[in-house]
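Working notes for the structure below.
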Protein chains: 2
Amino acid sequence: MPPDDPLPSRLSSDVYAVLRRQIVTGELRPNQPLIELDIAERLQVSRTPVRESLQRLAHAGLVVPRKRGWAVREFTPDEIRQNAEVRMALEGYAASLAALRGSPSDIAAIVAIHERRLNLRSSDEAMRVKTNRDFHDAIMRASGNPRLTDAIYHSGQFYFNAPIARVTTGEELALGNADHALIVAAIKKRDGPAAEKAMRAHIQRTFALFWRVTGLAEPLDVRQE
Amino acid sequence: MPPDDPLPSRLSSDVYAVLRRQIVTGELRPNQPLIELDIAERLQVSRTPVRESLQRLAHAGLVVPRKRGWAVREFTPDEIRQNAEVRMALEGYAASLAALRGSPSDIAAIVAIHERRLNLRSSDEAMRVKTNRDFHDAIMRASGNPRLTDAIYHSGQFYFNAPIARVTTGEELALGNADHALIVAAIKKRDGPAAEKAMRAHIQRTFALFWRVTGLAEPLDVRQE
DNA sequence: GCACGCAAGTTTGCATACAAATTTCATTTC
DNA sequence: GAAATGAAATTTGTATGCAAACTTGCGTGC
């Protein structure tokens with residue numbers, strides 16, 4: 001949830017941001033116990049903000065309670081598959097809403113980003129990552145539903161562990177622009193169901209690729225319909 | 001998130017549960033500032049667990065930061081509409097998964113609950129509430145995706161404020177069983193898309209009723225397709 | 001009569017204190 | 001040598017302390 005207010009800076013928010021990043025990038029390994037005092041000293045704060053940020057992380061599902069204290073949550077391949085399905089549900093619906101009621105300028109923005117991406121030189125990895133993110137963001141924005149956007153954002157943090165962090169940034173890039181083109185076409189035609197279907201298929205293919213790249217066991221039943 | 005572990009009891013969890021309930025039921029009014037010391041004294045704990053539970057509530061989106069401290073979040077009718085759409089996305093997808101890959105016993109359970117509900121005497125309000133909840137739970141369970149279930153659960157807490165709490169328990173009941181029957185039929189036929197469509201329509205009708213009952217201004221654009 | 005300013009009172013954000021529970025680890029026992 | 005024991009060291013969960021930031025309300029000046 002990107003705050004729209006000039007939020008008062010609070011240490012626990014900073015600590016949360018740092019820990020979140022370290023967990024999602026895998027710097028803090030799954031099942032690693034989180035020692036409050038270590039973190040506090042590392043970040044030069046007292047235990048209070050650390051504990052408060054751990055509460056948030058727990059609610060976010062990134063850390064799990066132990067008998068005492070907390071540990072970085074480990075996700076199984078199956079849980080990652082489950083999460084992919086959540087994304088298919090949410091982002092698919094966002095695409096459908098974008099098609100059905102995105103404003104002309106919303107849709108122009110989507111098209112523009114897509115086309116910029118088509119003209120990218122294949123070597124420009126960073127730019128491909130950025131435009132991919134922009135593409136998905138633009139669709140969420142066009143959905144006209146900030147809470148939906150929020151939910152998608154929240155569901156997007158569960159791909160760490162193992163080599164996942166690296167892959168999920170790279171993943172979708174390798175798929176080429178064919179998927180995106182299908183989505184754009186459906187949105188331009190204001191065809192909600194088609195946009196939804198295309199987006200779901202896109203996410204599904206992304207994860208199929210993901211299993212291949214990571215070498216993790218592919219959970220059963222990824223396929224649908 | 002109903003914890004499945006024998007979680008060590010922690011005061012902050014208790015405080016969280018109490019505050020959450022009081023917010024969702026409207027006992028704590030929207031925009032009401034939450035004074036740490038008041039809460040602490042009311043619940044006979046120190047400020048520490050109170051602060052920690054506020055962090056969780058903030059992450060859950062039930063309280064918002066003020067320049068100093070927190071206040072109960074107020075939801076506008078439009079935000080409630082947005083949230084209904086999130087539910088349509090998630091629960092619709094859950095229904096589709098239930099149809100496509102629910103086990104025979106999963107489906108038998110759904111049918112059983114539905115039929116029990118059909119035979120209810122109309123006076124038995126409490127039982128209608130319970131079986132309605134059971135019905136939706138059974139479908140989520142049949143989806144075979146706990147994370148999806150979790151996401152739905154999280155999205156289900158945004159209907160408080162105003163007279164909403166009362167209504168959202170009552171709402172779906174008044175709709176009769178026609179909607180449920182459609183959903184059950186689709187699931188029995190293993191027709192994913194039909195189940196998804198029926199569930200979305202059900203939630204949509206629920207909210208249409210909701211606007212009528214509460215007298216709140218209906219936000220634009222609830223309708224789709 | 002209204003606005004402004006200033007002091008007193010709240011209430012927070014962060015740090016620290018402390019006892020209880022758990023873990024660690026060396027020592028003893030078989 | 002392995003298992004058992006228990007004392008020491010960690011580490012947590014909760015409470016409290018404290019200075020700073022914000023509010024409130026009164027008094028003063030215009």
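If you're wondering where the values come from, they're calculated on a predicted model, not measured in any experiment. Each chain gets a letter, A, B and so on, in the order its sequence line appears, and its residues count up from 1.
- Here A:Asp106 pairs with nothing under the salt bridge (Lys or Arg N to Asp or Glu O under 4.0 Å) rule; sequence neighbours left out.
- If you measure from atom NZ of B:Lys67 to atom P of D:dA21, you get 14 Å, rounded to the nearest angstrom.
- The stretch residues 39-49 of chain A comes close to DNA chain C through A:Val45, A:Ser46, A:Arg47, A:Thr48, A:Pro49, each having a heavy atom under 4.0 Å from the strand.
- For the residue pair B:Gln204 and B:Arg87, no side-chain donor N or O sits within less than 3.5 Å of a side-chain acceptor on the partner.
- The backbone N or O of A:Arg73 lies less than 3.5 Å from no partner atom in the side chain of A:Asn31, so there is not a single donor-acceptor pair.
- Remark: P of D:dT14 and CD of B:Glu36 are 16 Å apart, rounded to the nearest angstrom.
- Between A:His202 and A:His136, the ring planes are parallel. Angles under 30° get that label, and only those over 60° would be called perpendicular.
- Comment: B:Arg200 engages A:Glu196 in a salt bridge, judged by a side-chain N to carboxylate O separation of less than 4.0 angstrom.
- Regarding A:Leu37, its CG atom lies at a distance of 17 Å from the P atom of D:dA9, rounded to whole Å.
- Between the CD1 atom of A:Ile35 and the C1' atom of C:dT23 there is a distance of 11 Å, rounded to whole Å.
- The six-membered or imidazole ring of A:His59 lies away from that of A:His154, with a centre-to-centre distance of 6.0 Å or more.
- Nearest nucleotide to the side chain of B:Leu11, out of C:dT22, D:dT12, D:dT14: D:dT14.
- One can place CZ of B:Arg51 at 16 Å from P of D:dT16, the figure rounded to the nearest angstrom.
- Using a 4.0 Å heavy-atom distance criterion, A:Leu54 is classed as making no nucleic acid contact.
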